[in-house]
Amino acid sequence: IGFQQGLFQNEKIPYDTEQEGLSEQITIHFSHVVAEDTPKGQAAMKFAQLVAERSHNKIRVEISPNALLYNDETELAAVKDNKVQMIAPSFSKMTKEVPAWEVLDLPYLFHTTDEVQKVFTGEMADDLLAELNNKQIKALGFWQNGFKQMLSEQKQIIQVNDFHGLKVRAMPSDVLTKQFQSVQAIPINSSFDELFTDMNNKKMDAMENTISNIYSKRFYDREKYLTLSDHGILAYSVIINQSFWQSLSTADQHIIQEALAETTKWNFKNAQKMNSLDLEKLESNDLPIYHLSNKEKERWAKAFQPVYKYIESTPAQSYLTKIQTVLQ
Ligand code: LMR
């Protein structure tokens with residue numbers, strides 16, 4: 001119990017410090033690797049704003065963007081050690097930890113944002129989130145960026161055999177590695193914060209990413225070609241340190257969960273908007289852009305089929321069946 005000044009001089013009104021949120025200040029350090037002006041960067045800011053409003057500034061979310069604190073290779077260990085409390089890596093970078101999430105990387109599994117939203121916000125999302133079964137970290141939700149496109153040096157990727165022999169950056173996911181191997185490309189791993197330099201140093205000839213990531217990190221600079229293929233999705237798992245989470249009161253946990261749910265809803269619309277605005281900006285930059293036709297997409301999908309065979313031999317198979325049923 002504390003006291004605050006009433007309307008009259010010397011009048012002190014007792015209040016519950018817990019309820020007013022004036023007791024201890026809680027800070028959540030949230031680290032991520034992309035620019036602020038991206039679907040994930042903006043979702044993190046929206047989340048911080050909602051948490052501050054609803055906790056009456058008791059809970060503050062401090063965001064470190066652009067891999068300033070930790071990069072792809074170090075952020076998972078940092079959140080496990082509670083050096084930061086939250087991260088939002090793409091699920092592709094979490095598949096060693098959560099093999100079931102491999103299914104989400106399957107090429108041409110999703111065709112529209114509505115389909116992605118159905119899987120990421122419905123009942124199946126809870127099952128998928130529960131797959132992260134780790135004593136140190138907990139998955140609270142999924143955020144979306146958008147569909148991945150191909151960006152290449154020297155030549156436009158249109159036909160399946162344009163991939164042959166190309167060194168393509170792949171995030172550390174077996175499905176993505178196999179996706180590129182199935183079209184005879186050579187997958188090369190590179191951390192997001194080193195990707196710009198690695199591309200310039202010719203460590204790779206091509207990469208897959210969303211329009212907003214390509215635009216915000218200027219990956220399109222210097223003679224690149226963009227192919228709009230929508231062949232896979234880039235989305236994020238929002239992860240919190242488990243012991244930090246358990247140290248919060250039920251009321252504070254509730255505030256965080258509600259703020260996250262509202263952010264997620266907002267993020268789906270905002271991500272779509274950002275990707276289409278950034279595409280307009282790329283178009284006005286004279287970047288050669290090729291839209292794959294449906295026929296061409298079908299050819300790519302057929303060439304990527306070995307990846308589905310691979311999933312059928314893993315525990316993620318049960319999710320593939322469930323997702324296909326939900327999307328029918
Ligand atoms: C990438 O590594 O290309 C993405 O996962 C980066 C991100 O977080 O959007």
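Because the structure is predicted, anything quoted here is derived from the model rather than measured. Just so it is clear, the values below take in all heavy atoms, side chains as well, and ignore hydrogens, waters and symmetry mates. Remember, it's 1-based here, ligands and their atoms both numbered in the order they're listed.
- Taking the six-membered ring wherever Trp is involved, the centroid distance between the rings of Phe219 and Phe192 falls below 6.0 Å.
- Within ligand 1, the atoms closer than 4.0 Å to a non-hydrogen atom of Leu234 are 5 (O), 9 (O), numbered from 1 in the order shown.
- Summary of contacts: the protein heavy atom closest to atom 9 (O) of ligand 1 is Tyr236 OH, 2.5 Å.
- Ligand 1 has at least one atom lying under 4.0 Å from a heavy atom of Lys93.
- Residue contacts with ligand 1: Arg169 is included, with a non-hydrogen atom under 4.0 Å away.
- The nearest heavy-atom contact from the protein to atom 6 (C) of ligand 1 is Phe192 CD1, 3.6 Å.
- Taking a cut-off of under 4.0 Å to the non-hydrogen atoms of Val33, the atoms of ligand 1 that pass are 8 (O).
- Contact annotation: for Thr210 versus ligand 1, there are no heavy atoms closer than 4.0 Å.
- Using cut-offs of 30° and 60° for the angle between ring planes, the Tyr108 and His111 rings count as parallel.
- Listed by atom number, the atoms of ligand 1 under 4.0 Å from Ser90 heavy atoms are 5 (O).
- Here the CD-OG distance, from Glu75 to Ser191, works out to 9.0 Å after rounding to the nearest 0.5 Å.
- Residue contacts with ligand 1, taken as heavy atom pairs separated by less than 4.0 Å, do not involve Thr38 at all.
- Between Arg54 and Glu262 there is a salt bridge, since a side-chain N of the basic residue sits under 4.0 Å from a carboxylate O of the acidic one.
- For the pair Glu312 and Lys309, the salt-bridge criterion is met [side-chain N within less than 4.0 Å of a carboxylate O].
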Review point. So Asn275 and Gln272, side chain to side chain donor-acceptor pair (under 3.5 Å) or not? Walk me through it.
Key: CA-CA 5 Å; Asn275 278 303; Gln272 250 181 315; over 6 Å; no

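- In this structure, Phe120 and Phe110 have tilted ring planes: the angle between them lies in the 30° to 60° band.
- Closest heavy-atom approach to atom 8 (O) of ligand 1 within the set Lys40, Met171, Lys148: this belongs to Lys40.
- Taking every non-hydrogen atom of Val34 and a distance limit under 4.0 Å, the qualifying atoms of ligand 1 come out as 6 (C), 7 (C), 8 (O), 9 (O).
- Between Glu153 and Lys224 there is a salt bridge, since a side-chain N of the basic residue sits under 4.0 Å from a carboxylate O of the acidic one.
- Considering backbone and side-chain N/O of Asn145, none are found under 3.5 Å from N/O of ligand 1.
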